Amino acid sequence: MALGTIWGFVALSALLGWYAYDLPDIRAIEGHTRRPAIAILAADGSQLARYGDYFADRIAVAEMPQHLIQAVMSIEDRRFYQHGGIDVLGLLRAFYSNMRAGHVVQGGSTITQQLAKNLFLTPDRTFRRKVQEMMLAFWLESQYGKDQILGAYLNRVYLGAGTYGVDAAAKTYFGKSAHDVNLYEAAVLAGLLKAPSRYAPTSNPEAARARAAIVLSAMVDAGHITEQQKAAALAPAGKTATPARPADARYFTAWILEQAQELAGAAGQDLVIQTTLDARLQRAAEEQIDKILDAEGEKRDVDQAALLTLAPDGAGARLCRRL
């Protein structure tokens, strides 16, 4: 038995060494690389389009609203401050839930594991990648404090619409900093972690609301909020209006991007491009073209239209098309 134990330990060590030999340097947690971002603005400062990865301000965990932290932990990793990188109880609970349902309904990955996967590993669903994810989670927990790990995760995680981190997502979806999100907005942001594109409030507000309700229920179950607070957050007065839909100036912005792309790529830095386009008139032109085509298009056998205007000084060109 003793000899078998020794050989078993040797075999396990060799296996772990095989998985660990090409692990990345976890010191990369302190930095990040991304594509340069280009923001194209209308004359009034409103955003017409954004290209590239969008990171906003880096916010320390101590500076984030408590309900935002609670929303994320309630739905993603309730025992984050108790486990050492791998939550055995969470894994058992997820296994039991999945067995009862007959399919995968709950995951057992901790926030530390998700950070390890997002920062250092590929999204491949292989046994090797999962083992490496667990090893990195243990190493991250041994090298960094819990708040550092949680902060790195919340400032780096992808939340849809090209945004990375809670501050970029809050500014994109709600027009405000993550410092200022209310309870409902915090639940929406936490809900995005499961499927950013599916639950984005700008593209699917009903799905975002349904997912936020699930997050709020998890917060009630975890003891962070009451049923009354959940109901108040889901009430119309407790929610928020998403920023107004930008003018559909994709042809205009594509023309600008073509000229600016080389500069942004060569410089390796973000660009903000102010244009002379009048977003108010652009939206008005879009509405008029839609009305005309809806009323006359079929009768005249026309399904495309364009309107081109020019200000007296040569600025403010507006191109509106419906194809």
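Remember, it's a predicted structure, so these values are computed and weren't measured experimentally. Computed over heavy atoms, backbone and side chain alike; hydrogens, waters and symmetry mates excluded.
Every residue meeting the side-chain hydrogen bond (donor to acceptor under 3.5 Å, both in side chains) condition with H83, not counting sequence neighbours, appears here in chain and number order: D77. Residues passing the side-chain hydrogen bond (donor to acceptor under 3.5 Å, both in side chains) test with S203: none are found, sequence neighbours excluded. Listed by chain and number, the residues in a side-chain contact (heavy atoms from CB on, under 4.5 Å) with I214 are I75, R211 (sequence neighbours excluded). Take D147 and apply the salt bridge (Lys or Arg N to Asp or Glu O under 4.0 Å) test, not counting sequence neighbours, and it matches no residue. A187 is linked by a side-chain contact (heavy atoms from CB on, under 4.5 Å) to A212, V215, L216, counting only residues two or more places apart in sequence or in another chain. The side-chain contact (heavy atoms from CB on, under 4.5 Å) check on T226 picks up Q228, Q229, with sequence neighbours excluded. With sequence neighbours excluded, the residues satisfying side-chain hydrogen bond (donor to acceptor under 3.5 Å, both in side chains) with Y153 are Q114. Checked against side-chain contact (heavy atoms from CB on, under 4.5 Å), A231 has no partners two or more places apart in sequence or in another chain. Considering only residues two or more places apart in sequence or on other chains, D44 meets the side-chain hydrogen bond (donor to acceptor under 3.5 Å, both in side chains) condition with S46. For E63, there are no salt bridge (Lys or Arg N to Asp or Glu O under 4.0 Å) partners two or more places apart in sequence or in a different chain. Listed by chain and residue number, K146 satisfy the salt bridge (Lys or Arg N to Asp or Glu O under 4.0 Å) test with E141 (two or more places apart in sequence, or in another chain).
A parallel orientation is assigned to the rings of F55 and Y164, their planes being inclined by less than 30° (bins at 30° and 60°).
Listed by first and then second residue, the salt bridge (charged side-chain N to carboxylate O under 4.0 Å, His left out) pairs involving residues 220-236 are R78-D221 (not counting sequence neighbours).
We find that E286 and R283 are not joined by a salt bridge, their nearest charged nitrogen and carboxylate oxygen being 4.0 Å or further apart.
Judged purely by atom type and a 3.5 angstrom limit, S142 uses its side chain to pair as donor or acceptor with the backbone of W139. T110 places a side-chain N or O within donor-acceptor distance of the main-chain N or O of G85, the cut-off being under 3.5 Å. Side-chain N or O atoms of T163 include one that pairs as donor or acceptor with a backbone N or O of G160 at under 3.5 Å. Using a distance-only test at 3.5 Å, with no hydrogens or angles considered, a donor-acceptor pair links the side chain of D278 to the main chain of R280.
Between F80 and L150 there is a side-chain heavy-atom pair separated by less than 4.5 Å.
For the pairing with L159, the side-chain contact (heavy atoms from CB on, under 4.5 Å) check across V188, D167, L154, V166 returns one residue only, V166. Evaluated for a side-chain hydrogen bond (donor to acceptor under 3.5 Å, both in side chains) with D87, the options Q113, R79, Q82 yield exactly one hit, R79.
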